[in-house]
Amino acid sequence: MSQYDKEIDQAEKMMLSNPDSALSMLDAIDASELKIDSLWAKYHFIKGYGHLKRNRSMIGDSLIIYAHDYYRGKNLVRDIRSGIVLAWYKFWVGDTPGAMTMLDSLAGLPDVPDSLMTQTLRIRVMLGASEYQGQQLIPYAKKLHELETDSLRKIEANYMLLTAYEYAGETDSALYLLDQLVDYARNHNWGDKHFMFELERAQLLTEKSRSAESDALIEEIFRKAGPDNGAADYLHFQYAINALNSGDITRASRHLALADSLAIKLRGDDDTYFRSYSNLLHAIIDFTQTGRIKLMHINGLNNRQGERYNRMKASQWESERGALHQQNWALALKAES
């Protein structure tokens, strides 16, 4: 066994307990001197895996593509794990569809140990939910719930399945699951989770055209949590939607104004997520009242989308700078060596 092989093996053993030290060991190795394919693949796989564990930028981990190619069909554990790292690399560079395709291929492999399949499905389900997948996500979320052994993990998987049902338009199935989650949260004194699940139930009742029941549930939430609870803006926003659906524009406008003022109070003036919804409702109400579309509302929607895009690009640039910084640090370590 070469010295490089020993150092890479030592870094791999250290990765679980001390990933920062393991990555420092790998950074001190000059990858250009790794002439054997197995060493080269192992080095880039472990380094990428370390970046994933530490939630570091993976912009500079493009060589994981070749490491995964090396392990494919040779070593099932490293095939799966390097595939997971490759999926995260694709996600980091903005290729979320490619990341999900990669995870789909891993999830379809035969004879995969449950522990590895669970890791794969957790990421696949999370990315699918972030892309608003519905029918396509349901089987993965069901399988994840089946494989999870920890009770809290099972609850998380159930919630992701609920999300998939919502996006698939299967509201009855979503409500059935949500009732289970509400009961679990109530029985285990999960105040915050219970509150969140009840809020989501009010939203689902609206989706089922049961606005009166949704209003009654919101009223009950306000009665229990108070008028200035942490989700008061979203509750008034839901009131506004219910009023719009029933044709009561005046009531909708009043609740939307309350939601706006509470959002500023609770979340500041820079709540992009809330404003993206609020601006849309303002446009609908104004059009209903005046029969005219106002450019200010279109600008509001577009500007919020543009702001989100600019922030995403700024984050990507910051990640790229971070990757360059890590590479410079590695060169400095090599120079010292």
Side-chain angles (χ1 to χ4, degrees), residues 125-126 128-130 132-134 137-138 141-142 144-145 148 150-246 248 251-252 254-268 271-278 280-281:
V125 169
M126 183 187 69
S130 74
Y132 306 104
Q133 286 189 334
L137 190 60
I138 290 172
K142 282 184 175 179
L144 178 60
H145 180 264
E148 293 286 14
D150 178 79
S151 59
L152 293 181
R153 288 283 194 180
K154 276 191 172 294
I155 291 294
E156 291 174 2
N158 237 0
Y159 185 76
M160 301 307 287
L161 178 57
L162 159 68
T163 302
Y165 279 135
E166 286 187 62
Y167 294 149
E170 297 186 19
T171 316
D172 287 331
S173 297
L175 273 171
Y176 176 77
L177 271 184
L178 194 52
D179 286 340
Q180 292 181 348
L181 292 171
V182 167
D183 289 342
Y184 188 93
R186 183 190 299 113
N187 294 336
H188 290 78
N189 296 317
W190 283 6
D192 289 345
K193 291 291 186 184
H194 187 190
F195 181 85
M196 182 187 76
F197 293 151
E198 290 285 18
L199 172 57
E200 188 137 3
R201 191 166 188 275
Q203 295 168 345
L204 281 175
L205 288 170
T206 297
E207 292 297 308
K208 287 290 292 179
S209 301
R210 293 158 62 180
S211 296
E213 292 177 64
S214 176
D215 279 346
L217 181 54
I218 294 170
E219 184 178 341
E220 179 68 10
I221 294 172
F222 271 127
R223 188 184 68 78
K224 291 179 179 178
D228 295 324
N229 64 75
D233 51 347
Y234 289 110
L235 290 167
H236 279 289
F237 185 83
Q238 195 64 40
Y239 264 146
I241 292 177
N242 292 341
L244 267 178
N245 287 336
S246 63
D248 191 342
R251 177 169 166 262
R254 183 175 73 253
H255 280 294
L256 186 57
L258 281 169
D260 286 342
S261 63
L262 285 166
I264 293 174
K265 178 182 175 182
L266 294 170
R267 311 174 201 287
D271 186 0
T272 305
Y273 181 78
F274 177 82
R275 295 291 169 191
S276 66
Y277 286 90
S278 175
L280 177 60
L281 238 62

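Bear in mind that the values here come from a model prediction, so they are computed numbers and not experimental data. We number each residue from 1, following the sequence as shown.
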For the student: nearest non-hydrogen atoms of Arg267 and Ala231, plus distance: NH2-CA, 3.9 Å

Minimum heavy-atom distance between Phe197 and Leu181, given as atom pair plus value: CD1-O, 3.5 Å

Contact check, side chains of Arg210 and Thr171, non-hydrogen atoms, under 4.5 Å: no

pair Lys193-Met196: side-chain heavy atoms closer than 4.5 Å: yes

Heavy-atom check, side chain of Leu256 versus side chain of Ser278, under 4.5 Å: yes

Stepwise side-chain contact (heavy atoms from CB on, under 4.5 Å) test for Gln238 and Leu235: CA-CA 5 Å; Gln238 195 64 40; Leu235 290 167; 5.7 Å; no

Salt-bridge present (Glu220, Lys224; N to O < 4.0 Å): yes

Glu200 side chain reached by Tyr159 side chain, heavy atoms, under 4.5 Å: yes

Student check: side-chain heavy atoms of Gln180 and Leu177 closer than 4.5 Å: yes

Heavy-atom pair of closest approach, residues Lys154 and His145: NZ-O, 2.6 Å

Shortest non-hydrogen contact from Ser214 toward Ala202: OG-O, 2.8 Å

Tyr167 versus Ala129, closest heavy-atom pair with distance: CE1-O, 3.6 Å

Derivation of the salt bridge (Lys or Arg N to Asp or Glu O under 4.0 Å) call for Arg201 and Glu198: CA-CA 5 Å; Arg201 191 166 188 275; Glu198 290 285 18; 5.1 Å; no

Taking every non-hydrogen atom, the tightest pair across Ala252 and Ala243: N-CB, 3.5 Å

Parallel, tilted or perpendicular, as decided by the 30° and 60° cut-offs, for the rings of Trp190 and His188: tilted

Approximate separation, where rounding is to 0.5 Å, of Glu156 CD and Leu144 CG: 9.0 Å

Validation row: Lys208, Leu205 side chains within 4.5 angstrom (heavy atoms): no

Inter-residue atom distance Tyr165.OH - Leu178.CG, 0.5 Å rounding: 13.5 Å

Heavy-atom check, side chain of Leu199 versus side chain of Asn229, under 4.5 Å: no

Non-hydrogen side-chain atoms of Asp260 and Phe237 separated by less than 4.5 Å: no

Under 3.5 Å: donor-acceptor pair, side chain of Asp179, backbone of Tyr176: no

Atom CG of Asn187 with >12 non-hydrogen neighbours under 6.0 angstrom: yes

Nearest-0.5 Å distance, OG of residue Ser130 to CG of residue Leu137: 9.5 Å

Separation of Asp183 CG from His194 NE2 (nearest 0.5 Å): 8.0 Å

Audit row: Glu207, Gln203, side-chain contact (heavy atoms from CB on, under 4.5 Å) steps and yes/no: CA-CA 6 Å; Glu207 292 297 308; Gln203 295 168 345; 5.8 Å; no

From OG (Ser211) to CD (Glu213), nearest 0.5 Å: 9.5 Å

Main-chain N/O of Asn242 paired with Ser246 side-chain donor or acceptor, under 3.5 Å: yes

Chi angles and distances behind the side-chain contact (heavy atoms from CB on, under 4.5 Å) call for Ile241, Leu244: CA-CA 5 Å; Ile241 292 177; Leu244 267 178; 5.6 Å; no

